[in-house]
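Below you will find the structure I want to go over with you.
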Amino acid sequence: MENPGLVVRGQAAPFSTALRSLINNPQYSDICFVVGQERQEVFAHRCLLACRCNFFQRLLGPGVPSPVVLSTVPAEAFLAVLEFLYTNSVKLHQHSVLEVLTTAVEYGLEELRELCLEFVVKVLDVELVCEALQVAVTFGLGSLQERCIAFIEAHSQEALRTRGFLELSATALLPVLRSDKLCVDETELVQAARSWARVGAAVLEQPVAEVAAPVVRELRLALLAPAELSALEEQNRREPLIPVEQIVEAWKCHALRRGDAARNAPCRRRRGTRPRDHHRFLDLRFK
C-alpha cells in the first residue's frame, strides 16, 4: 500500500504578500467593478472571488459583463472586503469599520463579520456607539446591540448629544428609551427626544409629533415635578411632541400620588433620575 503523502507548508508571509499585490491590480484581472457613489473602478479576479464568497459566485456567473456596478457599497469598504478575500486578513479603521461590517453581512462573510464585531467592541466610543447601534438593530446583531446599549447607559449625556443619536431610527431608539439604567434625567431625555424628532421631521417632511409617535410613550413624564410638567405642557402646545392624553396620565399620578394611578404612565426611576419631592408618593424603586 502506498504511504499517504505529507502536507508541508511554505512560509505564509510571502504568499500573503504576493496575493495582496493582486488587490485592485488591473494586470491579469478579468473583472472590473464600479463601486460607490464616486464610481471608483476596482479590478479583481473572478475565480478567486467566486471560490471565496458565495455572493460573488452568484454575481459573477457565466456571461456577466464587465464592469459590474455596485453603487451602494463605499469603495473603502469594498477594498477591505477584497483584502480579506485575497489574504484572509484585513486592516480595519474606526471611521469605516461599520461600512465593512455592513458589507460583510450583506455578502454573507461570517468570518469577516466576526472580525469587524470584535474590532467595533474594542474601539467603541461616544461618537461611534449610536451608529453601531443602528447597524446592530438593522441587521439583528444582538450581541452588538447589547454592548451599544450598555455603553449608552454608562455615557448617556454625551451619547445623546451626538449626530449618530439624532440619526437613529425609531426602532433603534426604542431600546434606549426603555432602559432603566440611563445616566440622564428625564428632562434631558425629553429634550433629546424632541431634538431627534425635529431632525426626523426635517428629513421625512413630516410633523414632529408624527415622527415622535413610535417612541414618546417611553418617556416617563410622571417623574417630572409639577412645575416641570407644566412647562413641558406649555412647550407641547407650541410644538406638539407628546400626545395630550400621555400628559394627562402623568398629572393623574401627581393628583392621586400613586405610580399606578395611570395605567400607561411608566414611573420607574432611571439611574440618572434626579430626586423630586413627589417621588416618595409614587413607589418609584429603581430596578
Side-chain angles (χ1 to χ4, degrees), residues 10-125 127-141 143-145 147-148 162-164 167:
Q11 294 183 8
F15 177 77
S16 178
T17 300
L19 285 179
R20 192 178 301 275
S21 70
L22 297 178
I23 299 172
N24 197 20
N25 186 343
Q27 188 176 21
Y28 307 125
S29 69
D30 59 358
I31 187 69
C32 177
F33 296 92
V34 176
V35 181
Q37 296 180 353
E38 298 80 11
R39 298 184 63 81
Q40 179 176 331
E41 285 190 337
V42 176
F43 299 92
H45 305 81
R46 293 174 187 257
C47 61
L48 193 149
L49 299 187
C51 75
R52 288 277 286 152
C53 177
N54 290 335
F55 169 82
F56 285 112
Q57 189 177 74
R58 294 189 299 268
L59 180 66
L60 304 177
V64 172
S66 181
V68 176
V69 178
L70 297 174
S71 58
T72 59
V73 55
E76 184 174 357
F78 188 75
L79 287 168
V81 168
L82 291 192
E83 181 184 1
F84 175 76
L85 294 178
Y86 277 72
T87 69
N88 210 40
S89 63
V90 62
K91 186 175 183 179
L92 297 172
H93 303 274
Q94 185 170 354
H95 71 273
S96 59
V97 64
L98 294 178
E99 295 170 338
V100 180
L101 171 59
T102 297
T103 308
V105 172
E106 292 176 342
Y107 290 6
L109 296 169
E110 295 186 5
E111 187 177 3
L112 179 57
R113 181 194 67 181
E114 293 305 311
L115 292 174
C116 290
L117 288 173
E118 292 176 9
F119 183 83
V120 170
V121 170
K122 289 179 181 178
V123 301
L124 200 62
D125 64 9
E127 294 301 323
L128 184 66
V129 65
C130 288
E131 295 179 37
L133 173 61
Q134 184 62 63
V135 171
V137 170
T138 300
F139 293 101
L141 304 173
S143 61
L144 179 59
Q145 178 174 331
R147 290 280 191 146
C148 291
T162 63
R163 177 180 174 181
E167 295 177 347

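Positions are given from 1 along the sequence.
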**Request:** State, to 0.1 Å, how close L115 and F84 come at their nearest heavy-atom pair, and which atoms those are.
**Result:** CD1-CE1, 3.9 Å
**Item:** Minimum-distance pair of heavy atoms, taken over all atoms of A75 and Q40
**Value:**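 It is CB-OE1, 3.3 Å.
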**Request:** Mind running side-chain contact (heavy atoms from CB on, under 4.5 Å) on L49 and L82 for me, showing each step along the way?
**Result:** CA-CA 8 Å; L49 299 187; L82 291 192; 3.6 Å; yes
**Message:** Any non-hydrogen side-chain atom of V121 less than 4.5 Å from a side-chain atom of L117?
**Reply:** no
**Message:** Distance check, rounded to the nearest 0.5 Å: L101 atom CG versus L141 atom CG?
**Reply:**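 Answer rounded to 0.5 Å: 6.0 Å.
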**Prompt:** Between the main-chain N or O of V120 and the side-chain N or O of R147, is there a donor-acceptor pair closer than 3.5 Å?
**Reply:** no
**Donor-acceptor contact present, side-chain S16 to main-chain A13, <3.5 Å** =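 Here the side-chain-to-backbone pair does not exist.
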**Request:** For the pair L144 and C148, evaluate side-chain contact (heavy atoms from CB on, under 4.5 Å) and give the outcome as yes or no after the intermediate values.
**Result:** CA-CA 6 Å; L144 179 59; C148 291; 4.0 Å; yes
**Request:** Among residues two or more places apart or on two chains, list those pairs meeting salt bridge (Lys or Arg N to Asp or Glu O under 4.0 Å) that have a residue in residues 23-34.
**Result:**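 Listed once each, the pairs would be none.
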**Request:** Mind checking the CZ-CD spacing from F139 to Q134? Nearest 0.5 Å is all I need.
**Result:** 9.5 Å
**Fill in**
For residues 71-86, the salt bridge (Lys or Arg N to Asp or Glu O under 4.0 Å) pairs (sequence neighbours left out) are R20-E83
**Prompt:** Within the distance-only criterion (no hydrogens, no angle test), does the side chain of S66 pair as donor or acceptor with the backbone N or O of C32 below 3.5 angstrom?
**Reply:** yes
**Request:** Indicate the atoms forming the closest heavy-atom contact of L85 with L48, along with that distance.
**Result:**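 Scanning both residues, the minimum pair turns out to be O-CD2, 3.6 Å.
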**Item:** L70 vs V34 side-chain heavy atoms within contact, under 4.5 Å
**Value:** no
**Asked** With sequence neighbours left out, which residue pairs that include part of residues 96-107 fulfil the salt bridge (Lys or Arg N to Asp or Glu O under 4.0 Å) condition?
**Response**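 Pairs touching residues 96-107 that pass the test: none.
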**Prompt:** Does the cation-pi check pass for R113 over Y107, that is, NZ or CZ under 6.0 Å from the six-membered ring centre and within 45° of its axis?
**Reply:**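 Geometry flag: not set, cation outside 6.0 Å or 45°.
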**Fill in**
The reported gap from CG in L59 to CZ in R46 (rounded to nearest 0.5 angstrom) is 9.0 Å
**Side chain to side chain, T162 and V129, heavy atoms closer than 4.5 Å** =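 Sidechains of V129 and T162: no contact.
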**V97 to C116 - nearest heavy-atom pair and separation** = CG2-O, 4.1 Å
**Message:** Using 0.5 Å steps for rounding, measure from the OH atom of Y86 to the CG atom of L19.
**Reply:**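 The distance works out to 9.0 Å.
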**Request:** Start with the C-alpha gap between V64 and V68, add the side-chain angles, then the distance that decides, and say whether side-chain contact (heavy atoms from CB on, under 4.5 Å) holds.
**Result:** CA-CA 8 Å; V64 172; V68 176; 4.0 Å; yes
**Full working for side-chain contact (heavy atoms from CB on, under 4.5 Å) between I31 and F43** = CA-CA 6 Å; I31 187 69; F43 299 92; over 6 Å; no
**Asked** When the aromatic ring centroids of F56 and F33 are compared, is their separation below 6.0 Å?
**Response**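 Yes, ring centres under 6.0 Å apart.
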**Message:** So which atom in C53 and which in L109 form the shortest heavy-atom distance, rounded to 0.1 Å?
**Reply:** SG-CD2, 3.8 Å
**Message:** For a quick test of reading the model, state the closest non-hydrogen atom pair linking A44 to S29 and the distance between them.
**Reply:**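 For A44 versus S29, the nearest heavy atoms are O-CB, 3.2 Å.
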**Working for side-chain hydrogen bond (donor to acceptor under 3.5 Å, both in side chains), residues Q94 and D125** = CA-CA 10 Å; Q94 185 170 354; D125 64 9; 2.8 Å; yes
**Item:** Spacing of CD belonging to E111 relative to CZ belonging to R52, to within rounding of 0.5 Å
**Value:**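 Nearest 0.5 Å value for the CD-CZ distance: 7.0 Å.
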**Item:** Between OG1 on residue T138 and CD on residue Q145, distance to nearest 0.5 Å
**Value:** 10.0 Å
**Request:** Identify whether the distance between the nearest side-chain nitrogen and carboxylate oxygen of R163 and E167 falls below 4.0 Å.
**Result:**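 Answer for the salt bridge query: yes.
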